[in-house]
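Within every chain, numbering begins at 1; the chains are lettered A, B, ... in the order of the sequence lines, protein sequences first and strands thereafter.
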2 protein chains.
Amino acid sequence: MTVASKTVSDVIHSHFGVLTRAEKQLAESLLDNYPVSGLGSITTIAENAGVSTPTVVRMVQKLGFKGYPDFQAHLHLEVEATISNPIAKHDRWAQNAPGTHILNRFADAIMSNLRQTLTDLDTATFDSVVSLLSDRKRGLYFVGGRITGALAEYFFTHMQVIRPATTLLSSNSSSWPQYALNMNAGDILIIFDIRRYEQEMVSLATAARKRGAEIVVFTDQWSSPAAKLARHAFRVRIEAPSAWDSSVVTLFIVEALIEAVQNSTWDETKERMKTLEGLFEQTKLFRKPG
Amino acid sequence: MTVASKTVSDVIHSHFGVLTRAEKQLAESLLDNYPVSGLGSITTIAENAGVSTPTVVRMVQKLGFKGYPDFQAHLHLEVEATISNPIAKHDRWAQNAPGTHILNRFADAIMSNLRQTLTDLDTATFDSVVSLLSDRKRGLYFVGGRITGALAEYFFTHMQVIRPATTLLSSNSSSWPQYALNMNAGDILIIFDIRRYEQEMVSLATAARKRGAEIVVFTDQWSSPAAKLARHAFRVRIEAPSAWDSSVVTLFIVEALIEAVQNSTWDETKERMKTLEGLFEQTKLFRKPG
DNA sequence: CGTCGACTGAAAATTTCTTTTCATGACAGT
DNA sequence: ACTGTCATGAAAAGAAATTTTCAGTCGACG
């Protein structure tokens, strides 16, 4: 008999009628807190159900599995399907792109990075950072390195629209001490530092901490040394089929943060954005009169 | 040592630094598709990671577990927490109520954007742009708007490492005419222009065309007016569950281009990068003597 | 009341998994 | 070049799990 695409739960239900007393007892136990209860060894689940191990073997064979390992393999697949995310199953990308094309390979890598990053990412961390960034009493300072400078700038540009008191540090580290000097207790320093890590980031972070600033770090899975000084750190997967690291997932998180912050302070942001729109229009008029 | 309430994932991360090569390899394998990948037997996961079973045992002990069964028991508890308690830490990718957290909704949107963009994208266009950018006889000019300026800068920073004759135009449009004046026939102007489109982009593109430059445009699905003047245009999906447009997929294409260009001119790029690395090192020595 | 058939778990047999031991090879420091 | 340290996996030893065997139990039915 084949168990094909039906879930283990389905199979148990459909066979419930032909099960014996001890087997029904076992089935109940398995369905209770399904499918996690089937994760352990045959001994464990036999004990939990209050039956003997041979009963387990007989039942899974009656259900159509080859043996207990086979049964458990099916269960594992189900757990995986339950836990793992929707983006895991991306079928064919661009049909016109052959499988080996760089675009496809890149897409695969980015998918995997995104999936892993989100798996590791604690939503509580994310939410905490959002509320930190939403607090208008705190000044925001953004800094990035040679490559990540663009990300810092992107983040900064948006936050500057959303709220006041945002500053972008030049990517030239010699000016950093002056910025640190201006920081007040409760201010936030957002650091982008992925390998190869910049030496001066640690000094900057230390100086900021001394001034009482909170630190949020965007780094890679191997963690910048500056992350040790941070209140919150985002460990992003950055590997790509390339000589360079990928910033795509980092940008993803930045954009999600932007939206979340904007959303949490919408009432205040709304007016601000309207005013700003007006200013932009005015600037254009100044430059192109008529 | 106790591993108490920290998740296995946390423990792996916090120990990542002290892991050896094979152990890191194993850790990667475990974190990939965590926590499901740790469900099988020690033999299975060792095979999946391409390491020996003793390595597995040594690592889990190094992580503070009593042995593999202990390690797996913790993992099982986490799986249980994940599945049976939707509000638990791992509720992202929510199985029952998909897309409640902003991260989920963003991920869905980006996935969809990426898929659609790749479906619409002609690989021939991509490859043509790669060969244009790989041609060292052509000068490269990058320009972006208020928001997209960061993308232009990111692209520029990488290309500057890979090849000579790259220029980043200031995002202040008043200086653009001077840059246009310097362009030669065959040079390439890479424009980032997504809604709301910048008026001056068309003027710049027109001026560049007059000088004989080729134009490559990154725009959105509604197309910047500058795209009409372009040799090649990337129409990227930019919609996000946000008041802002998403640049994630644009950055994706930029990174793919960077890799493809680097790859197609690796022999020349190699030496160049080595020299550059040396220069960076030297700079550091200058800044931090001793 | 006796017989039969089916169910069940104890225990043995078997298989698989986990842990330990140990030889090898790589590498840093002398 | 030598030496000691460490990482690694093959293989053996040990432990546990899985499957099979088998005898005891129970109820159905004559």
Side-chain angles (χ1 to χ4, degrees), chain A residues 1 3 8 11-12 14-31 35-80 222, chain B residues 1 3 8 11-31 35-80:
Chain A
M1 174 198 166
V3 283
V8 173
V11 177
I12 294 179
S14 68
H15 286 70
F16 205 84
V18 300
L19 298 183
T20 66
R21 179 193 54 75
E23 286 168 353
K24 277 181 177 147
Q25 191 177 327
L26 169 62
E28 295 280 6
S29 167
L30 284 176
L31 291 175
V36 180
S37 35
L39 248 43
S41 73
I42 202 171
T43 319
T44 313
I45 69 166
E47 267 178 18
N48 285 344
V51 301
S52 65
T53 55
T55 300
V56 179
V57 174
R58 280 190 292 260
M59 191 187 76
V60 299
Q61 286 175 348
K62 195 184 272 186
L63 294 179
F65 299 96
K66 212 180 160 195
Y68 186 74
D70 182 35
F71 169 80
Q72 206 172 43
H74 281 259
L75 225 41
H76 280 178
L77 284 177
E78 277 182 48
V79 170
E80 172 158 12
W222 302 282
Chain B
M1 174 196 169
V3 284
V8 174
V11 177
I12 293 179
H13 275 123
S14 66
H15 286 72
F16 204 85
V18 300
L19 297 183
T20 65
R21 179 193 54 75
E23 286 168 352
K24 278 185 174 138
Q25 192 177 326
L26 169 62
E28 296 279 5
S29 167
L30 284 176
L31 291 176
V36 179
S37 36
L39 248 43
S41 73
I42 203 171
T43 320
T44 314
I45 67 164
E47 266 178 19
N48 285 343
V51 302
S52 65
T53 55
T55 300
V56 180
V57 175
R58 279 190 292 259
M59 190 186 77
V60 299
Q61 287 176 348
K62 195 184 273 188
L63 294 180
F65 300 96
K66 215 180 158 193
Y68 186 74
D70 183 35
F71 169 81
Q72 206 170 42
H74 280 257
L75 225 40
H76 281 177
L77 284 178
E78 276 182 47
V79 171
E80 171 156 16

* Under 4.5 Å between any side-chain heavy atoms of A:T53 and A:Y68, yes or no? -> no

* **nucleotides 10-26 of chain D: protein proximity per nucleotide (B base, S sugar-phosphate only, - neither; heavy atom, under 4.0 Å)** => BB-----SSBB------

* Asked: What's the CD1-P distance between B:I45 and C:dT19, to the nearest Å?
  -> 11 Å

* Contact under 4.0 Å: A:R21 side-chain N or O vs C:dC7 OP1/OP2 -> no

* When you check the phosphate oxygens OP1 and OP2 of C:dG9, does a side-chain N or O of A:T55 lie under 4.0 Å from one of them? -> yes

* To do: Starting from P on C:dG9, measure out to CD on A:E47 and report it in whole angstrom.
  => 13 Å

* **Side chains of B:V60 and B:H74 in contact at under 4.5 Å (non-hydrogen atoms)** => no

* Asked: Can you check whether A:L30's main-chain N or O pairs, donor with acceptor, with A:S37's side chain at less than 3.5 Å?
  -> yes

* Would you say the side-chain atoms of A:K62 pair up with the backbone N or O of A:H15, donor to acceptor, closer than 3.5 Å? -> no

* Asked: Rounded to the nearest Å, what distance is computed from the CG atom of residue A:L19 to the C1' atom of nucleotide C:dT8?
  -> 15 Å

* Check: B:Q25 side chain, B:T20 main-chain N or O, donor-acceptor pair, under 3.5 Å -> no

* To do: Taking the side chain as every heavy atom from C-beta outward, state whether B:R58 and B:V51 have any pair of such atoms under 4.5 Å apart.
  => no

